[in-house]
Amino acid sequence: MTGGDDEGGLSSSAQEVADARGLTDLDIQAALKTFVPSGGRDEYVMFASGGHSGSVFAIGIPSMRILKSIAVFTPESWQGYGIGGPTEAVLDQGNYNGQDITWGDTHHPALSETAGDYDGEFLFINDKAAGRVAVIDLKDFETKQIVKNPFSNIDHGGTFVTPDTEWVIEGPQYAAPLGGEYASLDDYNEVYRGYIMFWKFDREAGRIDESKSFGMELPPYWQDLCDVGKLESAGWLFCGSLNSERATGGIEDGNPPFESGVSQNDMDYLHIVNWEKATEMGRNASMTESYNGMPYISIDTAVAEDLLFMAPEPKSPHGSDVTPDGKYVIVSGKLDPHITGYSFENMMSAIDSGAGSPDPYGIRVLPFDDVVVAQIEVGLGPLHTQFGGDGIAYTSLFLDNAVAKWSFGDTWELLETIPTQYNVGHIAAAEGDTVSPDGNYLVSLNKWATDRFQNVGPLLPQNLQLLDISMEHPQVIYDMAMGVGEPHYAQIIKADKLDPWQVYPEIGWDPHTQAVDPDAAMPGQERVERNGNNVEIWMTAIRSHFTPENVEIREGDNVTWHITNIERAYDATHGFALPGHNVTLSLEPGEAATFEFVAGNSGVFNFYCTEFCSALHLEMMGHLLVQP
Ligand code: RUQ
Ligand code: CUA
């Protein structure tokens, strides 16, 4: 039986289900708001960092279904990422000093923007653990490039993009000597520094252009999260910091441990950077220093050129978030129950009036009272702020296990506190970092879920909670166990702004050049060619066979193997697994790949397709015969 009763309620059969499962009216509402019927589509896609899983996850909202994991800084066998195939070269871009780096700690994804609005073309993400930034092309949701910060072995405060994605900004964190070279901690104040990177993004090429990028030297204050100005504050960026004490730790020598040494002062420093002006001189040799061929603007030059100012910010701050209209910067003090609102207009007048006095590095610190327009007590452990449109903001409260809802602009006041079920790190709102947030969904990215799920052993799942913020009193409407590494930040884009390919545009496509590979194996031209010890193989894959199926070579041969999936059908991915050689590939329709190896061992190796691509998938195999 279907249909509603007179009050527009549930049919008796649905009510029976609810009764049998003990669901309350709010449970039923939450279920109805998040249920996407079989075959339906989500309204939004959230790109969540995977923390020390080194990956990124695409998650549908409101259903909270994981749609895809995107391998970024770490090999991933299902996608054939970084294991024997051409994507090894993508991962290798992130190696340094001769060291392979095969994991990452992804923190802050940034969608590409046009006029301050997500445009759905690219995603950027940082790796805190090694100071790297990756570029993901949303045409195929694959990682295309990794760049290594030449000045620093660690980062944190990025990635963030300028309103038209001309620049991808990688903010620093823990200070170290230039290039991570050795210097004693006794020389901390003189030699240790933070370096913010300005990576030039070439949208046409879909790559960061290292030859047009540059850095800026900052004091050793542990710069934390940054955000880029927009509209009124376009051209500027803002980074919090947490160690104005310049503590160097050493609990083992009787020094205060970092946790207290870094929290002595009442104020730390909000860094205020004119990035637009900096980009005019960042590649000018007469204005910059350079390290390993990468230029950077020194603190002295930044001060002399009015690129860098600071303002006091209370007690070990964490987030710094620019309001959608660009008028205010919101800072949260982890050890202060307030959020502090800074007016961009007031910052500019304080700069123009010459107010303030220099810090030990000569950077002018603007007077707190001149630039702060409001402080609101929101709760304990405020971290990150997101926006819901119409002067409404939300701040995560790590210690209170809650999200504060408050207003800004005309009236600055706490409106209410919404409980979440464990410590909240970041929160992410639908279209939340754009000039026009949607104000309907907010995801609370919680740390360990202690009481929400089946016990799965001592390593607890992280929990992403979906909140309906269109309600007068917002509520949690879904609990989503991540099942993988800790998401730090996420961005949520309208699904209809994404326009990925269904299949690669042409047969023989190389996803890493986004063009046809001239060496790709093509249908009808499959062959094996030998030239001395060098063997080159051109192989195609189509349901349900490889051509050729058997390949005979000799021990010690240098092998170059081209393989192309020549399907044009939407659902015809083939995998290629080569036992004994650490090779796994995922070949989407049209995709071509090349890999190389030296045939080190004689034997017979049964290669096969790893995707259950047809009823005759098991037959999609062949023999690599290596003669002794
Ligand atoms: S910040 S710890 Cu995104 Cu809260 Cu990295
Ligand atoms: Cu192709 Cu299984």
Side-chain angles (χ1 to χ4, degrees), residues 47-52 56 78 80 104-110 125-129 131 154-160 169-174 222-227 239-242 262 316-321 330-335 381-386 395-399 403 423-428 432-433 443-447 462 485-491 539-547 549 563-567 569 571-578 584-589 591 593 606-622:
F47 291 94
S49 75
H52 43 302
V56 167
W78 162 66
D105 185 9
T106 57
H107 272 233
H108 304 109
I125 189 145
N126 72 309
D127 165 28
K128 170 169 167 165
I154 201 154
D155 70 21
H156 179 252
T159 50
F160 296 92
I169 291 153
E170 180 192 14
Q173 193 171 61
Y174 306 127
W222 293 12
Q223 291 77 25
D224 202 30
L225 274 187
C226 309
D227 199 4
C239 301
S241 68
L242 63 151
V262 163
S316 296
H318 194 45
S320 53
D321 295 283
I330 310 301
V331 163
S332 306
K334 299 194 297 276
L335 302 179
L383 295 185
H384 298 288
T385 296
Q386 286 276 281
T395 299
S396 55
L397 302 174
F398 185 82
L399 297 176
V403 172
N423 301 140
V424 194
H426 279 271
I427 48 179
D433 285 310
V443 174
S444 170
L445 297 119
N446 302 355
K447 305 305 175 187
Q462 320 279 333
E486 177 187 4
H488 282 256
Y489 188 44
Q491 284 191 333
M539 175 177 280
T540 61
I542 194 167
R543 275 181 280 203
S544 298
H545 57 269
F546 296 107
T547 307
E549 291 188 320
I563 179 165
T564 305
N565 177 344
I566 60 173
E567 305 264 6
D571 62 343
T573 287
H574 299 289
F576 179 79
L578 180 57
T584 175
L585 307 176
S586 177
L587 299 164
E588 282 69 74
E591 181 169 353
N606 307 98
F607 58 81
Y608 71 100
C609 169
T610 44
E611 292 278 349
F612 210 110
C613 54
S614 77
L616 298 174
H617 150 78
L618 289 176
E619 289 77 356
M620 191 163 178
M621 64 83 65

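These numbers come from the heavy atoms of this one structure, side chains and all, not from hydrogens, waters or symmetry mates. Order of appearance sets the numbers: ligands from 1, and atoms from 1 within every ligand.
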Hey, is the main chain of [Y] close enough, under 3.5 Å, to the side chain of [X] for a donor-acceptor pair?
X	Y	result
Asp155	Glu170	no
Asn446	Val424	no
Ser49	Pro109	no
Asp105	Ala129	no
Thr159	His108	yes

Start with the C-alpha gap between Glu611 and Met620, add the side-chain angles, then the distance that decides, and say whether side chain to side chain contact (heavy atoms under 4.5 Å, CB included) holds.
CA-CA 10 Å; Glu611 292 278 349; Met620 191 163 178; over 6 Å; no
Output, by chain and residue number, all protein N/O/S atoms separated from atom 4 (Cu) of ligand 1 by less than 2.8 Å.
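Sorted hits: His318 NE2, His384 NE2.
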Taking it one step at a time, do Asp433 and Phe160 satisfy side chain to side chain contact (heavy atoms under 4.5 Å, CB included)?
CA-CA 10 Å; Asp433 285 310; Phe160 296 92; 5.7 Å; no
Among all protein heavy atoms, pick the one closest to atom 5 (Cu) of ligand 1 and tell me residue, atom and distance.
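Nearest protein contact, heavy atoms only, for atom 5 (Cu) of ligand 1 is His156 NE2, 2.2 Å.
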Side chain to side chain contact (heavy atoms under 4.5 Å, CB included) evaluation trace for His488 with Ile125
CA-CA 11 Å; His488 282 256; Ile125 189 145; over 6 Å; no
2.8 Å cut-off (strict), protein N, O or S atoms about atom 2 (Cu) of ligand 2
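Count of protein N, O, S atoms less than 2.8 Å from atom 2 (Cu) of ligand 2: 4.
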Does any non-hydrogen side-chain atom of Cys613 lie less than 4.5 Å from one of His574?
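Heavy-atom side-chain distance check passes, below 4.5 Å.
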Using a cut-off of strictly less than 2.8 Å, determine whether His108 has an N/O/S atom near atom 5 (Cu) of ligand 1.
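Here the distance criterion (N, O or S atom, under 2.8 Å) is not met by His108, so no.
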Take His318 and Phe398 through the side chain to side chain contact (heavy atoms under 4.5 Å, CB included) test and state the conclusion after the steps.
CA-CA 11 Å; His318 194 45; Phe398 185 82; over 6 Å; no
